[in-house]
Number of protein chains: 2
Amino acid sequence: MTDQKLLFENLVSELRRGSLILSVLALLRQPQYGYSLISGLEAFGIAIEAGTLYPLLRRLEKQGLLSSEWAIDQVRPRRYYVLNELGKQTLTHLSDEWQRMNKAMDQLIQAPSSEQGG
Amino acid sequence: MTDQKLLFENLVSELRRGSLILSVLALLRQPQYGYSLISGLEAFGIAIEAGTLYPLLRRLEKQGLLSSEWAIDQVRPRRYYVLNELGKQTLTHLSDEWQRMNKAMDQLIQAPSSEQGG
DNA sequence: TTATTATACTGTGCGTCACACATTAATATC
DNA sequence: GATATTAATGTGTGACGCACAGTATAATAA
């Protein structure tokens, strides 16, 4: 891979970074286990590494946004995560913030350069 | 500040993080100096710390997306930054990626929870 | 004379992502 | 029956980048 491609990949990583948590929270309105989250997000075109997701889930649980439990009555043992009350509130707040940022970014990107600066 | 507020601020930071570079690049289609970027972004509702911006500008220049020069013929010496060719291309690519992510996030957030999982 | 605004910069700490790795078992393939 | 792939969950380390708290200077405004 060329330097420029590496640079661009890096910038995209950084861009994606912020939205990771929000997308995970959004999916977790319904109970999900790690592996299903990965494929679920991928179906939406959002890539997340297992080594990123699992620590993230633990962190979010530690911060009190999720609760989790093992389901052993399935083909394979799975640990299900789901939003709790604080998690739902946080999702709402973060969504609002996202929408807000979104409008700002749209204006910024689509604003003709000539109207900037000055 | 309460723990929960701190937590939320932290999550918002993380959310904002990805879009910082994109918004800076977008403004830099026109020559800008650091301080004008800060106020310019603030006018769009995007907060960025001076201690975040200046290292970012230097990094982007080092990565070959910007060029900069001092303007000493003004009331105060200012260092102007502007996108170069690679920077413009990068901005285009990142914007596309942003739009893509955006659609995905919209679907994720607005999708009724009942259609998820399973 | 003091406070505020304008302007640029640095150093350090902390949080978080990505990558590589480890582990186990159910399927699918040969 | 042996081998590969998929399903599933984790850990440890490195590197990167933001935020915060500073430093510094000078032009304005009070």
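All chains are named by letter (A, B, ...) in the order of the sequence lines, taking the proteins before the strands, and each is independently numbered beginning at 1. Model, not experiment: these values are computed from the prediction.
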Should the heavy atoms of other residues, nucleotides or ligands under 6.0 Å from [atom1] of [X] be counted, would the total exceed 12?
{"X": "B:I72", "atom1": "CD1", "result": "no"}
{"X": "B:Q4", "atom1": "CD", "result": "no"}
{"X": "A:D96", "atom1": "CG", "result": "yes"}

Counting side-chain heavy atoms from CB outward, which of D:dA27, D:dT6, D:dA19 is closest to B:R76? D:dA27
In whole angstrom, give the distance that lies between atom [atom1] of [X] and atom [atom2] of [N].
{"X": "A:L53", "N": "D:dA7", "atom1": "CG", "atom2": "C1'", "result": "14 Å"}
{"X": "A:Y54", "N": "D:dT9", "atom1": "OH", "atom2": "C1'", "result": "5 Å"}
{"X": "B:L60", "N": "D:dC16", "atom1": "CG", "atom2": "P", "result": "15 Å"}
{"X": "B:E49", "N": "D:dG22", "atom1": "CD", "atom2": "P", "result": "14 Å"}
{"X": "B:Y35", "N": "D:dT25", "atom1": "OH", "atom2": "P", "result": "18 Å"}
{"X": "B:R79", "N": "D:dT25", "atom1": "CZ", "atom2": "P", "result": "18 Å"}
{"X": "B:I38", "N": "D:dC20", "atom1": "CD1", "atom2": "C1'", "result": "14 Å"}
{"X": "A:L37", "N": "D:dA7", "atom1": "CG", "atom2": "P", "result": "15 Å"}

A:L28 versus A:V82, closest heavy-atom pair with distance: O-CG2, 3.5 Å
Give B:Y81 one of three labels, base, sugar-phosphate or nothing, depending on what nucleic acid heavy atoms sit under 4.0 Å from its own.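 Counting heavy atoms under 4.0 Å across all strands, the contact made by B:Y81 is with sugar-phosphate only.
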Remember a base hit wins even if backbone is also touched, and classify B:G51 as base, sugar-phosphate or nothing at under 4.0 Å, heavy atoms. base
State which residues pass ring pair (Phe, Tyr, Trp, His ring centres under 6.0 Å) with A:Y33; sequence neighbours excluded, sorted by chain then number.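 Counting only residues at least two positions away or on another chain, A:Y33 forms a ring pair (Phe, Tyr, Trp, His ring centres under 6.0 Å) with A:Y80.
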[X] vs [N]: side-chain N/O to OP1/OP2 distance below 4.0 Å:
{"X": "B:T52", "N": "D:dA19", "value": "yes"}
{"X": "A:R78", "N": "D:dA8", "value": "yes"}
{"X": "A:Y33", "N": "D:dA8", "value": "yes"}

Considering heavy-atom distances to DNA chain D, does A:P55 or A:V75 have its closest nucleotide positioned more toward the 5' end? A:V75
Reading DNA chain D from 5' onward, which residue's closest nucleotide shows up sooner: A:S36 or A:R17?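 Checking each residue's closest nucleotide, the 5'-ward one belongs to A:S36.
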Just jot down the side chain to side chain contact (heavy atoms under 4.5 Å, CB included) partners of A:R79, sequence neighbours excluded, or say none.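 Expected list: A:R58, A:E61, A:S68, A:W70, A:Y81.
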Terminal contacting nucleotides, 5' and 3', DNA chain C versus chain A (heavy atom, 4.0 Å): C:dT16 to C:dT27
Rounded to the nearest 0.5 Å, what's the gap from OG on B:S19 to CG on B:L25? Could you check?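 If I round to the nearest 0.5 Å, the distance is 11.5 Å.
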